[in-house]
Amino acid sequence: MHYTNTVLMAVMVLAQTAGAQEPHSRVRSTAGPRLGVTYLGNYRPPNLLTGKKLSSVMTQFGWHSEQAVFPFNGGPTLVVEEAFLVGGVEQQALVPSVTFLVGVRARSGLEFGLGPNLALDGAALAFAAGKSFNLGGVSIPVDLAVVSSQGRVRTTLLLGYAVETPHEE
């Protein structure tokens, strides 16, 4: 019995010591501009400026921010993203939207995310997939997003760049 207690105590001490020595995951925040094009299909968002009907394709311009957690074991990166876009400026339109995605990025740069999309005419579900390329420390993402709400589907192709934003300590 004494031997069992000694072994149990040794295992507990080793487990606590090992836990204290594990490296922590690393968090990185990035942000940058986005531009792209959206195919609206049968969806026609409200035009805030003119009230006119939009064509089936519109441009997108905006800003993207991201918080990424890099596990210490080198596994996939966990990502939370926010994208603020204004569409339709080439049609004298103002169609704002914001998308919040939670996803994962593989070491290869392939990424997937899912989350809500909010626009003036309501909420929708967004799914995005793409690939981020690293160009000298600058991330170049190319993403395809599909947004669906009440049987209406729109598809957006976005690209841009992102640079690391400093952390406040």
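Residues: numbered from 1 along the sequence shown. Keep in mind it's a predicted model, so treat the numbers as computed, not measured.
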More than 12 foreign heavy atoms under 6.0 Å from CZ of Phe100: is that the case here? yes
Only one of Leu54, Val57, Asn47, Thr50 passes side-chain contact (heavy atoms from CB on, under 4.5 Å) with Gln91, and that residue is Leu54
Checking Ser29 against Glu66: is there a side-chain donor and acceptor pair closer than 3.5 Å? no
Following the transitive rule for hydrophobic clusters with a side-chain heavy-atom cut-off under 4.5 Å over Ile, Leu, Val, Met, Phe, Trp and Tyr, establish whether Ile140 and Leu159 coincide in one cluster. yes
Measuring from atom CD of Gln92 to atom NZ of Lys52, what distance do you get when rounded to the nearest 0.5 angstrom? 6.5 Å
What is the minimum heavy-atom distance between Ala31 and Trp63, and which atoms define it? CB-NE1, 3.7 Å
May I have all residue pairs that pass salt bridge (charged side-chain N to carboxylate O under 4.0 Å, His left out) and include part of residues 39-48, sequence neighbours excluded? none
Linking I/L/V/M/F/W/Y whenever any side-chain heavy atoms sit under 4.5 Å apart, do Val142 and Val163 land together? yes
Heavy-atom side-chain contact between Gln60 and Val37 under 4.5 Å: no
Taking it one step at a time, do Leu85 and Leu158 satisfy side-chain contact (heavy atoms from CB on, under 4.5 Å)? CA-CA 10 Å; Leu85 298 172; Leu158 285 176; 3.9 Å; yes
Work out which heavy atom in Pro45 is nearest to a heavy atom in Asp121; give both atom names and the distance. CA-OD2, 4.3 Å
Return a table of donor-acceptor pairs under 3.5 angstrom between the side chains of residues 110-119 and protein atoms on other chains or two or more places apart.
| residue | atom | partner | partner atom | Å |
| --- | --- | --- | --- | --- |
| Glu111 | OE1 | Arg105 | NE | 2.5 |
| Glu111 | OE1 | Arg105 | NH2 | 2.7 |
| Glu111 | OE1 | Ser132 | OG | 3.1 |
| Glu111 | OE2 | Ser132 | OG | 3.4 |
| Asn117 | OD1 | Arg154 | NH2 | 2.7 |
| Asn117 | ND2 | Thr99 | OG1 | 2.7 |

Keeping Arg34 on the side-chain end and Pro141 on the backbone end, is there a donor-acceptor pair under 3.5 Å? no
Treating Thr38 as the side-chain partner and Leu40 as the backbone partner, does any N or O pair qualify as donor plus acceptor under 3.5 Å? no
Check the hydrophobic clustering (I, L, V, M, F, W, Y; side-chain heavy atoms under 4.5 Å; chains of links allowed) and say if Tyr43 and Met58 are grouped together. yes
When you compare the side chains of Ser65 and Glu82, does any donor N or O come within less than 3.5 Å of an acceptor on the partner? yes
Passes side-chain contact (heavy atoms from CB on, under 4.5 Å), Val147 versus Leu125? Steps please. CA-CA 6 Å; Val147 178; Leu125 181 64; over 6 Å; no
OG1 of Thr155 to CZ of Phe127: how many Å apart, nearest 0.5 Å? 12.0 Å
Assess the residue pair Thr77 and Phe70 against the criterion (side-chain contact (heavy atoms from CB on, under 4.5 Å)); give the C-alpha distance rounded to whole Å, side-chain angles, the decisive distance to 0.1 Å, and a yes or no. CA-CA 5 Å; Thr77 303; Phe70 297 85; 3.4 Å; yes
For the residue pair Ser139 and Phe133, establish whether any side-chain heavy-atom pair is separated by less than 4.5 Å. no
Atom CD of Glu90: over 12 foreign heavy atoms under 6.0 Å: yes
Heavy-atom side-chain contact between Arg152 and Asn42 under 4.5 Å: yes
Is it possible for you to say whether Leu35 and Val89 belong to one hydrophobic cluster, with membership spreading through side-chain heavy-atom contacts below 4.5 Å? yes
Do Val79 and Val104 have side chains that get closer than 4.5 Å, going by heavy atoms? no
Starting from Leu49, can I reach Leu120 by hopping between I/L/V/M/F/W/Y residues whose side chains sit under 4.5 Å apart? yes
In short, Val153 meets Ser148 closest at the heavy-atom pair CG2-OG, 4.0 Å
